[in-house]
Number of protein chains: 2
Amino acid sequence: MFVQNPSIDEAVRIINSGRKRGVVVVVGICEVVYSGRAAATLKPGRRLVIVKRDGTLLVHEAEKAQPKIWNPPGSSTAAYVEGGRLVIKSVRSRPFESVRVYFSSLDFVAAFDVETSELELVGSEKDVVEALVKAPWLIEEGLEVVGVEVPTDVGHIDILARDREGRHVVVEVKRDVATHDAVFQLARYVELYRKRGERARGILVASDITAAALEYLRRYGLEFVKVNPRELMASINKKVG
Amino acid sequence: MFVQNPSIDEAVRIINSGRKRGVVVVVGICEVVYSGRAAATLKPGRRLVIVKRDGTLLVHEAEKAQPKIWNPPGSSTAAYVEGGRLVIKSVRSRPFESVRVYFSSLDFVAAFDVETSELELVGSEKDVVEALVKAPWLIEEGLEVVGVEVPTDVGHIDILARDREGRHVVVEVKRDVATHDAVFQLARYVELYRKRGERARGILVASDITAAALEYLRRYGLEFVKVNPRELMASINKKVG
DNA sequence: TAGTACATCTCGGGC
DNA sequence: GCCCGAGGTGTACTA
């Protein structure tokens, strides 16, 4: 169901009724006004506007992955006519944010029966942690896992373990390049034990680490173990079947 | 330039040539395979696929603001025919990631002369910092700004100042609710001075703060000043004109 | 609902 | 190109 060079009334009808079926796509020359936590306006230009059935509004341009202006799911989005122009207005309540799209000309309007499906993603940090729990020897020989996602006063410890000498080992996992933030995070956890006078080691497990982060790591007496998430997943799948 | 129920050859032509002009929109039943740092597949379903002239590939469904699958700007994205089916393939080099969209049926293909424009956003953290630099008394009476975005070993200090007693004051600014992360960040900066034996205070400026963050703040001997970004911007505009 | 942490985050600025 | 941090981040999960 779509219309080239639609009349304004047709456009309003398609946007308001077609949206429920899935996704509405509108292309035309428009101004966009955003006002909420911040504020911005887009001068007249041809843009791709998407309205989804969950209230999502996206205003895309010819570059970049992110929409220039948007309102997230749960927004109240609808079309109407004002001063002879098509207007799409979207309002989000908390925090309050409003987006209005004023069309001066319409190239195209269409509603599509697009659906939503489940995505099973493999390789997220959670998967990496799970894999390491199953194969802690990949971090260090003789490591015994004591806990996963252990809550502390200053955040969650990804993996808590004991080494062969019975020392606490805090393991912080990053699926890609670790920055100094990860080091400070790890340092906070290790500090909890060291303050209590207990011997504790900290190991940062990541696919790589920035030079600055590595320096801090050494300074704090922490360790780095390089683990490639892809290879890790592969080796685990091989082992486990 | 658009075609309903296009032939596969038409679709390939429109996608590969029309993309350069701006944005190509394809709707049809497709399977999607993503493989890279992580991996995922989408079972056959009707989806909205967008190809941008900068190589961006977006696979959208009927809900959520984010695409289910995507490849960012700079990817090599192109269409071709394989086994009688339209395939859109997108490859990103570093890190390597590949997305392939296999269409079993096509509802719609179109290329639009969408452009890109400049967005002037008002109310970002940078704006808040600038406003506070102009009106430091809103943080504390008698505060003298010494530096902005001051680089340190552990990150950039938003605002560096001196109080009436000549003490260093590190100001960390968050435009919305500050979490414990902001506190730890601030603590890192203040620690730099305190370690050197210099007296230093730390002030977290934000529109609000979580209970947990406030507790850490007190524990570290740091302070919180509530500043509403919108009111701040308004008051500054009034003052400055 | 608020708080927390992850994301194939994306994006822009600095060096 | 790497590094770093903000983002109107969005998204899922949990208490």
Side-chain angles (χ1 to χ4, degrees), chain A residues 34-40 56 58 63-75 92 94-99 119 121-129 149 151 154-158 172-182 185 207-214 229-230, chain B residues 34-40 56-59 63-75 90 92-99 119 121-129 149 151-158 172-182 185 208-213 229-230:
Chain A
Y34 155 66
S35 175
R37 286 171 293 180
T56 302
L58 308 172
E63 292 174 1
K64 303 300 170 192
Q66 295 304 128
K68 260 283 168 35
I69 300 274
W70 74 95
N71 240 359
S75 307
R92 172 192 194 178
R94 256 188 329 277
F96 176 81
E97 312 221 64
S98 118
V99 175
L119 178 72
L121 190 80
V122 179
S124 63
E125 183 181 290
K126 192 162 162 270
D127 295 321
V128 175
V129 169
E149 293 300 326
V154 291
H156 288 69
I157 294 174
D158 284 338
E172 175 66 28
V173 178
K174 291 291 165 206
R175 64 181 307 290
D176 38 62
V177 183
T179 68
H180 63 220
D181 247 26
Q185 206 177 330
S207 62
D208 208 345
I209 185 168
T210 66
L214 188 61
R230 273 182 75 87
Chain B
Y34 155 65
S35 174
R37 286 169 294 178
T56 302
L57 173 70
L58 309 173
V59 179
E63 292 173 4
K64 302 298 171 192
Q66 296 303 128
K68 261 284 169 32
I69 301 271
W70 76 94
N71 239 359
S75 307
S90 177
R92 174 191 192 177
S93 353
R94 253 188 327 277
F96 176 81
E97 312 221 65
S98 118
V99 175
L119 177 73
L121 191 77
V122 178
S124 63
E125 182 179 290
K126 193 161 161 272
D127 296 319
V128 175
V129 169
E149 294 299 327
T152 74
D153 278 355
V154 292
H156 288 71
I157 294 174
D158 285 338
E172 175 64 28
V173 178
K174 290 294 166 203
R175 61 182 310 288
D176 38 61
V177 183
T179 67
H180 56 105
D181 250 24
Q185 206 176 332
D208 208 345
I209 185 168
T210 66
R230 272 182 78 87

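Since we're looking at a predicted model, the values are computed, not measured. Convention: sequence-line order gives letters A, B, ...; per-chain numbering from 1.
Along DNA chain D, the nucleotide nearest A/A211 and the nucleotide nearest A/P73 are compared for position; the residue whose nucleotide lies closer to the 5' end is A/A211. In terms of position along DNA chain C, the nucleotide closest to A/G155 lies nearer the 5' end than the nucleotide closest to the other residue of the pair B/A40 and A/G155.
Comparing C/dC11, D/dG8, D/dG1 by their nearest atom to the side chain of A/K64 picks out C/dC11. For A/Q66, taking side-chain heavy atoms from C-beta onward, the closest of the listed nucleotides D/dA6, C/dC11, D/dT11 is C/dC11. With C/dT4, C/dT8, D/dT11 as the candidates, the nucleotide lying closest to the side chain of B/A65 is D/dT11. Closest to the A/E97 side chain, of the nucleotides D/dC4, C/dC9, D/dG8, is D/dG8. Proximity note for B/R37 (side chain, C-beta onward) versus D/dA6, C/dC9, D/dG8: the nearest is C/dC9. When distances are taken from the side chain of B/E125 to each of D/dC4, C/dC11, D/dG7, the shortest belongs to D/dG7.
In this structure, the CG atom of B/N71 is 18 Å from the P atom of C/dA7, given to the nearest Å. Computed from coordinates, the B/L58 CG to C/dT8 C1' distance equals 13 Å when rounded to whole Å. Whole-Å rounding puts the B/I69 CD1 to C/dT8 C1' distance at 9 Å. Between A/E63 atom CD and C/dG12 atom C1' the separation is 14 Å, expressed in whole Å. Distance CG (A/L121) to P (D/dC13): 13 Å, rounded to an integer number of Å. Per the geometry, CZ belonging to B/R175 stands 5 Å off P belonging to D/dT9, to the nearest Å. One can place CG of B/L119 at 10 Å from C1' of D/dG8, the figure rounded to the nearest angstrom. The distance between atom NE2 of A/H180 and atom C1' of D/dC2, rounded to the nearest whole Å, is 14 Å.
Looking at heavy-atom distances under 4.0 Å, B/E149 makes no contact with the nucleic acid at all. Note on B/V154: only backbone sugar-phosphate atoms sit closer than 4.0 angstrom, heavy atoms only; bases stay farther off. Within the nucleic acid shown, B/G123 has no heavy atom closer than 4.0 Å to any nucleic acid atom. Using a 4.0 Å heavy-atom distance criterion, A/R94 is classed as a sugar-phosphate-only contact. At the heavy-atom level, A/K68 lies nowhere under 4.0 Å from the strands shown. Contacts of A/A212 with the nucleic acid, taken as non-hydrogen atoms under 4.0 Å apart, involve only primed sugar atoms and P, OP1 or OP2.
Distances shorter than 4.0 Å separate some side-chain N or O of B/W70 from OP1 or OP2 on C/dT10. Checking the phosphate oxygens (OP1, OP2) of D/dA6, a side-chain nitrogen or oxygen of B/K174 falls inside 4.0 Å. Residue B/H156 has no polar side-chain atom (N or O) positioned under 4.0 Å from OP1 or OP2 of C/dG13. Contact annotation: B/T210 reaches the phosphate of C/dT4 (side-chain N/O to OP1 or OP2, under 4.0 Å).
For the residue pair A/V99 and A/Y34, the shortest heavy atom distance occurs at CG2-CD1, 4.1 Å. Closest of all the heavy-atom pairs between A/K174 and A/E125 is CA-OE1, 4.1 Å.
Taking 4.5 Å as the limit, some side-chain heavy atom of B/T152 sits within range of a side-chain heavy atom of B/I157.
Between the base of D/dG5 and the side chain of A/D181 there is no donor-acceptor pair shorter than 3.5 Å.
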Derivation of the side chain to side chain contact (heavy atoms under 4.5 Å, CB included) call for B/E63 and A/T56: CA-CA 7 Å; B/E63 292 173 4; A/T56 302; over 6 Å; no

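Annotation: C/dT8 and D/dC4 have their P atoms spaced 22 Å apart (nearest Å).
A donor-acceptor contact shorter than 3.5 Å links the side chain of B/R175 to the backbone of A/R37. Judged purely by atom type and a 3.5 angstrom limit, B/N71 has no side-chain atom pairing as donor or acceptor with the backbone of B/L57. Listed for the A/T210 side chain is a donor-acceptor partner under 3.5 Å among the backbone atoms of A/A213.
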